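Read through the structure below, which is laid out as structure tokens, and then see the notes.
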Amino acid sequence: MALCLHTVTVCGGGNAAHVIIPLLVKNGCRVILYTPFADEAARFREGGRRGKLQACFQDGVTLTGSPCLVTTDAAEAAQSEMILLAVPAFAHGPLLAQLSPFMRPGIVIGALPARGGFDLQALYYLHHHGLDGTVFCGHTLPWACRIEEYGRQVKVLGVKETVGLATAPADQATAIAAFLSRTLEVPFHPMANTLAVSLGNIGQVVHPGIMYGLLKNYDGHIWQKEEIPLFYQGVNAETARLLEDLSGEITATAARLQHEYGVNLGKVPAVGQWLLYTYARYIADDTSLERAFRTNRAYCGLKVPVVRAAEGEGYRPDFNCRYLTEDVPFGLLFSRAVALMVGCPTPRVDEVIRATGEWMGKRYFDANGAFAGPDLAEARLPAHYGIYDAAHLVSVTMRGLLEAMKKPTFN
Ligand code: NAI
């Protein structure tokens with residue numbers, strides 16, 4: 001039966017929310033925008049006073065549609081039938097903590113993109129408040145997009161061909177994928193289960209991998225604006241090989257889980273496969289991974305994230321950007337923890353975790369080199385939800401229930 005939801009709460013007032021809102025409104029939803037930040041809500045309302053929110057697509061189509069309510073009140077925001085988190089993964093925990101006390105039974109809650117372990121975190125909050133509900137996990141964000149004018153206009157640089165989606169419980173994936181395909185106008189395809197989304201999270205490979213590839217020899221040089229390196233188009237043969245290695249260690253982990261624990265993970269894609277089927281119509285030259293990144297129109301002109309070095313002096317790489325603060329603790333570390341559970345070696349993943357962790361001032365390995373550093377506490381790992389072995393992880397994933405959890409060590 002087709003899922004028919006009337007009111008959707010979109011959480012987050014960033015690039016993604018600016019695209020999602022006009023699409024949902026166009027396709028018949030009443031949209032509430034929730035952000036816990038009063039200044040962000042005020043800026044969004046201010047943009048709305050200048051005119052309706054517009055999403056401008058590359059093919060010249062402009063969609064227009066504004067939320068019916070912009071609120072910082074979690075109780076008001078949680079009354080809808082679906083809650084869609086369109087924020088970096090480090091914001092999932094705070095948003096779930098704010099909204100879950102007010103959610104209604106049967107709530108549908110999900111994240112685009114989910115990154116690693118979102119289902120465990122959301123199930124924990126549902127469980128904690130005695131709620132039933134459905135958790136959905138989007139494999140990626142369907143668009144590459146950047147706000148042009150806050151609360152008023154966003155530019156859509158590229159649209160993905162298709163986006164995978166899994167749910168807990170797993171049997172809701174078809175209905176929710178159909179609903180999102182219709183309202184967001186991008187084909188969502190059901191994936192086998194949420195673990196396939198977590199391990200198949202491509203941001204964990206591409207973002208820290210390219211940062212490491214581009215910056216591992218960074219010597220502290222201050223860049224002038226025109227010197228800031230291109231990000232995706234800066235992928236060279238060596239970085240492409242690193243991305244393949246990272247992706248290979250994660251797909252090997254998925255294969256072992258599938259083989260030894262019987263969980264159907266469908267096909268966790270390798271980075272090259274993902275890039276080609278996601279951006280087929282944007283890539284001019286697909287003869288190698290390096291060329292596919294460099295000739296992908298949707299990535300055109302995107303640069304390494306930077307911060308100002310000092311007033312007037314130029315720019316340095318931003319080692320606290322979301323490519324690291326989101327994709328390492330809520331991506332690579334999750335996959336690393338699962339690899340450890342099934343005994344898969346991860347030398348290249350470890351190399352990237354060590355280096356990027358150091359850049360962020362984090363210790364994910366202890367003094368003996370074990371994956372037990374103090375800053376793992378901030379990451380989203382199965383162990384934080386009482387899951388210490390692969391059999392338990394697979395059982396939670398298959399049933400979409402966290403009932404075995406006794407005392408969570410993390411929210
Ligand atoms: P953004 O940086 O434009 O917006 C982030 C939003 O999260 C802001 O509204 C901010 O207020 C909110 N936020 C941050 N910390 C928070 C917290 N502690 N509590 C509550 N809210 C908090 O991000 P954008 O571009 O919208 O990205 C959203 C997600 O989509 C991220 O996971 C990103 O990696 C992913 N993504 C974005 C793409 C893009 O082209 N914009 C492309 C592919 C993925």
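For ligands, and for the atoms within them, numbers begin at 1 and follow the listed sequence. Because the structure is predicted, anything quoted here is derived from the model rather than measured.
Here the heavy atom of the protein found nearest to atom 18 (N) of ligand 1 is Pro94 CG, 3.9 Å. Looking only at heavy atoms of the protein, atom 38 (C) of ligand 1 is closest to Leu141 CD2, 3.6 Å. Among all non-hydrogen protein atoms, the one lying nearest atom 42 (C) of ligand 1 is Trp143 O, 3.5 Å. With respect to atom 10 (C) of ligand 1, the closest heavy atom belonging to the protein is Glu40 OE2, 3.6 Å. What sits closest to atom 5 (C) of ligand 1 on the protein, heavy atoms only, is Pro88 CD, 3.5 Å. If you check which protein heavy atom lies closest to atom 4 (O) of ligand 1, you get Gly14 CA, 3.3 Å. Among all non-hydrogen protein atoms, the one lying nearest atom 25 (O) of ligand 1 is Asn15 ND2, 2.8 Å. Here the protein heavy atom with the shortest distance to atom 17 (C) of ligand 1 is Ala91 CB, 3.5 Å.
Residues Leu126 and Met103 have side chains in contact (heavy-atom distance under 4.5 Å, counting atoms from C-beta outward). You'll find the side chain of Pro36 reaches within 4.5 Å of the side chain of Tyr34, heavy atoms only.
Defined by atom type and a distance below 3.5 Å, a donor-acceptor pair is present between the side-chain atoms of Glu40 and Thr35. No side-chain donor from either of Thr71 and Asp73 sits under 3.5 Å from a side-chain acceptor of the other. No side-chain N or O of Asn201 forms a donor-acceptor pair with one of Ser198 less than 3.5 Å apart. In this structure, a donor-acceptor pair under 3.5 Å is present between the side chains of Thr194 and Asp119.
Counting heavy atoms closer than 4.0 Å to ligand 1, residue Phe37 contributes side-chain atoms (C-beta onward) but none from N, CA, C or O. Residue Ala17 does not touch ligand 1, judged by heavy-atom distances below 4.0 Å. Under 4.0 Å from ligand 1, the heavy atoms of Leu95 that appear belong solely to its side chain. Counting heavy atoms under 4.0 Å from ligand 1, residue Cys11 does not touch it at all.
Using a 4.0 Å cut-off between a side-chain N of Lys or Arg and a carboxylate O of Asp or Glu, Glu238 and Lys216 qualify as a salt bridge. A salt bridge links Glu46 and Arg50; the closest N-O separation between the charged side-chain nitrogens and carboxylate oxygens is under 4.0 Å.
Heavy-atom contacts from other residues, nucleotides or ligands closer than 6.0 Å to NZ of Lys155 number 12 or fewer.
For ligand 1, the atoms sitting less than 4.0 Å from at least one non-hydrogen atom of Gly12 are 9 (O), numbered in the order shown with element in parentheses. Interface atoms of ligand 1 facing Glu326, defined by a heavy-atom separation under 4.0 Å, are 31 (C), 32 (O), 33 (C), 34 (O). Applying the 4.0 Å criterion to heavy atoms of Ala144 picks out, from ligand 1, the atoms 40 (O).
The closest approach between His18 and ligand 1 stays at or above 4.0 Å for every heavy atom of the residue.
For His139 and Phe188, the ring centers are positioned 6.0 Å apart or more. In summary, the aromatic rings of His18 and Phe44 are positioned with their centroids under 6.0 Å apart.
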Would His92 and Arg115 count as a side-chain hydrogen bond (donor to acceptor under 3.5 Å, both in side chains) here? Give the steps. CA-CA 10 Å; His92 292 163; Arg115 306 302 187 200; over 6 Å; no
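Residue contacts with ligand 1: Arg146 is placed with a nitrogen or oxygen under 3.5 Å of a nitrogen or oxygen of the ligand (distance criterion only). An N or O contact shorter than 3.5 Å is missing between Lys160 and ligand 1 by distance. Backbone and side-chain nitrogen or oxygen atoms of Ala16 are examined, and one is located within less than 3.5 angstrom of a nitrogen or oxygen of ligand 1.
For atom 29 (C) of ligand 1, the nearest non-hydrogen atom from the set Pro36, Pro113, Ala97 belongs to Pro113.
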